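Notes for the one structure printed next.
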2 protein chains.
Amino acid sequence: MVKITDVARHAGVSPSTVSYALSGKRPISEETRRRVEEAIRELGYRPHAGARALASSRSKVLALVIPLRAGIHIPVVMQFAVSVVTTARRYDHDVLLLTQEEGEEGLRRVADTALVDALILMDVQLHDPRLHLLRTLERPSVMIGFPASSEGLTCIDLDFKAAGERCVEHLAGLGHRVVALVGSPPEVYVRQTAFAQRVVQGFTAAADRNGLSSAVHPCEAAPGSARAVAERLLREQPALTGVVVHNEALLEPLIDAFEQLGLRVPGDLSVTAICPDELAESVRVPITSVALPSAELGTRAVELLMRKLGGGSSVPEATLLPPRLTERASTGPRTAP
Amino acid sequence: MVKITDVARHAGVSPSTVSYALSGKRPISEETRRRVEEAIRELGYRPHAGARALASSRSKVLALVIPLRAGIHIPVVMQFAVSVVTTARRYDHDVLLLTQEEGEEGLRRVADTALVDALILMDVQLHDPRLHLLRTLERPSVMIGFPASSEGLTCIDLDFKAAGERCVEHLAGLGHRVVALVGSPPEVYVRQTAFAQRVVQGFTAAADRNGLSSAVHPCEAAPGSARAVAERLLREQPALTGVVVHNEALLEPLIDAFEQLGLRVPGDLSVTAICPDELAESVRVPITSVALPSAELGTRAVELLMRKLGGGSSVPEATLLPPRLTERASTGPRTAP
DNA sequence: ATGAAAGCGCTAACAG
DNA sequence: CTGTTAGCGCTTTCAT
């Protein structure tokens with residue numbers, strides 16, 4: 001293995017000069033830098049990650065904890081992970097993958113052994129058991145999602161409340177008076193994952209504000225249950241003309257179910273969703289939707305972490321991404337009297 | 001930070017004894033081990049990963065390279081990744097996530113800097129440009145999938161040829177005489193990803209062997225194209241009664257399309273697939289299928305790597321997992337004359 | 001602008 | 001069964 005002293009000898013300089021030429025932490029003359037770079041190239045030198053981590057107390061690795069639980073749309077997690085890795089690489093960092101399963105012990109392990117410099121957590125719950133640990137950990141972290149109290153922590157997420165409102169406003173603007181929310185699976189509410197509740201809050205608030213009649217239906221993610229859900233909606237709200245779907249797995253089957261029940265989308269029923277743009281576009285009837293910006297969340301999360309690692313500037317505790325609604329084919333003006 | 005010398009002092013032993021107590025690499029008396037463990041607990045000691053990697057030339061980290069390209073079913077990748085992480089943890093290793101995007105330079109980087117001890121690659125192609133690099137790398141690797149020549153490398157995958165055969169045998173056994181294969185998107189064949197070709201080989205060979213009339217149709221993964229595919233199949237093979245689908249995204253839409261064309265599954269048409277069991281079960285008509293065992297592949301890949309890292313036993317260059325076909329509702333005996 | 005040298009915290013001979 | 005000690009390869013004061 002070729003080491004820094006080999007490079008130094010080959011270039012006729014000291015090891016520290018090679019180190020500084022690499023890190024740019026102190027000025028190097030043009031001539032010296034050139035010689036060092038050439039030596040590095042000729043010898044194929046690669047600094048040893050462990051040695052570097054030991055000497056500098058920086059591993060240049062971030063931990064990413066991904067959720068495994070039911071009710072979470074896999075492609076969203078995947079896209080988020082890819083975006084985290086890609087952005088981390090832009091900052092010369094790598095990403096260690098952990099599963100939620102490892103729990104607090106897993107976080108403590110990678111943090112305390114200095115395997116990673118910082119952590120990114122997804123699927124944060126209102127009273128997440130990891131909150132206390134994160135506050136005491138000597139390493140910075142960013143959470144995707146909001147707990148009940150984000151005091152002293154850094155959180156980022158789509159503004160789900162605003163997203164729920166935005167969908168209702170859109171429907172109200174089209175003249176709809178009776179709306180329903182098809183929500184996440186019940187276990188998501190039971191777990192008190194904040195984002196599900198927030199959609200409900202926004203949905204309800206906007207409906208009330210606009211004088212709409214509204215109802216909320218938590219729903220299983222099983223595509224087979226779409227028909228039952230559709231029937232239930234119509235039974236409970238016969239005058240229903242506007243639907244907001246916050247349940248990826250149910251979106252497409254629900255459209256099918258409505259049409260099978262003789263309701264045209266958007267002719268008889270306008271449907272909006274909160275979901276990845278990709279999904280909204282792929283449905284047979286492209287869905288007007290508020291985007292779930294998983295790639296942007298990943299990028300932003302890493303950027304926040306880099307600022308925290310940079311040390312200087314303090315970062316905001318809470319970052320809410322404003323909802324962007326894209327009109328597609330699934331919504332239209334109310335036609336019935 | 002509490003270090004090994006602190007623990008040693010606290011326990012009244014030498015640092016090496018603590019190290020050995022931790023690694024089990026030499027016998028420790030019961031009494032000493034107890035004292036060391038207690039000291040570790042009382043002080044909350046965690047060995048520094050970088051220091052350990054430097055001194056032992058083992059980072060206990062595996063690299064996992066995931067594909068991003070079109071035509072690859074995301075949940076399969078995700079399930080594989082989770083299984084790799086979970087299994088790696090059982091062997092006290094962690095997993096670094098890399099994207100295919102980083103290319104050969106990415107592999108070289110993590111290997112040469114000793115950031116990782118070994119690598120797992122997915123989505124291997126027949127003439128994968130990374131093959132040569134893997135052979136020269138000083139670190140072991142395992143590939144999911146088979147290149148044209150696996151000389152000196154370690155590969156594992158489902159036996160796709162046998163899987164194709166198994167599906168045809170099943171249909172032949174039910175009396176079907178005219179069968180079709182709905183394959184992966186054309187770009188997958190163009191890239192020469194081996195598994196797609198192998199399914200075709202197995203499908204064709206088994207059809208010929210059983211005297212069946214057969215045809216192969218590479219197909220886009222766009223759900224919207226299902227109808228067109230279904231019509232094409234029936235136009236080209238009017239007597240068609242058996243279909244093998246090797247295209248995750250098209251499976252469900254295809255079933256819908258057939259039924260819209262007035263063909264009952266399995267009444268008029270028997271459908272089998274090569275896909276994750278989870279998908280096969282979730283379709284409206286549960287599909288008889290050969291499982292794509294991504295979780296098992298992940299586990300086995302890690303186990304192979306661990307054996308290679310262990311040094312002793314040499315591992316097989318090629319591992320083909322035999323196909324397991326599960327009968328579900330989508331296949332039945334041929335009814336037509 | 002560059003060098004010398006002292007660690008970073010741990011492992012693994014080598015000794016007993 | 002346990003202790004002593006020499007590094008592992010790099011970063012970073014401290015000098016100059």
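Numbered from 1 within each chain, the chains take letters A, B, ... in sequence-line order. On a predicted model such as this, the values are computed, not experimentally measured, just so you know.
Between Thr86(B) and Ser83(B), the side chains place no donor N or O within less than 3.5 Å of an acceptor N or O (distance only, hydrogens not considered).
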Expected list for residues 138-148 of chain B: side-chain donor-acceptor pairs under 3.5 angstrom, two or more places apart:
from, atom 1, to, atom 2, distance (Å)
Arg139(B), NE, Ala111(B), O, 2.6
Arg139(B), NE, Val116(B), O, 3.4
Arg139(B), NH2, Ala111(B), O, 3.3

What donor-acceptor contacts under 3.5 angstrom involve side-chain atoms of residues 18-25 of chain A, with partners at least two apart or in another chain?
from, atom 1, to, atom 2, distance (Å)
Ser23(A), OG, Ser19(A), O, 3.3
Ser23(A), OG, Lys25(A), N, 3.2

(request) Summarise how protein sits on nucleotides 9-16 of chain C as a single string, 5' to 3': B when a protein heavy atom is under 4.0 Å from the base, S for sugar-phosphate-only contact, - for no contact. (result) BBSBBB--

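A 4.5 Å side-chain heavy-atom check between Leu133(B) and Leu107(B) finds at least one atom pair inside the cut-off.
Residues of residues 28-38 of chain A having a heavy atom closer than 4.0 Å to DNA chain D: none are found.
Within the structure, side-chain hydrogen bond (donor to acceptor under 3.5 Å, both in side chains) pairs that include any residue of residues 87-97 of chain A comprise Lys60(A)-Asp92(A), Thr87(A)-Thr299(A), Arg89(A)-Glu102(B), Asp94(A)-Arg109(B) (at least two apart or interchain). Residue pairs meeting the salt bridge (Lys or Arg N to Asp or Glu O under 4.0 Å) criterion with at least one member in residues 7-24 of chain A, sequence neighbours excluded: Asp6(A)-Arg9(A).
The CG atom of Leu126(A) sits 11.0 Å away from the OG atom of Ser149(A) when rounded to the nearest 0.5 Å.
The outermost nucleotides of DNA chain D lying under 4.0 Å from heavy atoms of chain A, listed 5' to 3', are dG9(D) to dC14(D).
For Asp112(B), there are no side-chain hydrogen bond (donor to acceptor under 3.5 Å, both in side chains) partners, not counting sequence neighbours. Listed by chain and residue number, nothing satisfies the salt bridge (Lys or Arg N to Asp or Glu O under 4.0 Å) test with Glu278(A) (two or more places apart in sequence, or in another chain). By the salt bridge (Lys or Arg N to Asp or Glu O under 4.0 Å) test, Asp159(A) pairs with no residue at all, sequence neighbours left out. Remark: Glu38(A) pairs with Arg34(A) by the salt bridge (Lys or Arg N to Asp or Glu O under 4.0 Å) rule, at least two apart or across chains.
In the helix from dA1(C)-dT16(D) to dG16(C)-dC1(D), the terminal helix axes, each the rotation mapping four pairs' C1' atoms onto the next four within five end pairs, subtend 30°, rounded to 10°.
Considering Arg307(A), Glu317(A), Lys308(A) in turn, Lys308(A) is the only one that fulfils the side-chain hydrogen bond (donor to acceptor under 3.5 Å, both in side chains) rule with Thr154(A).
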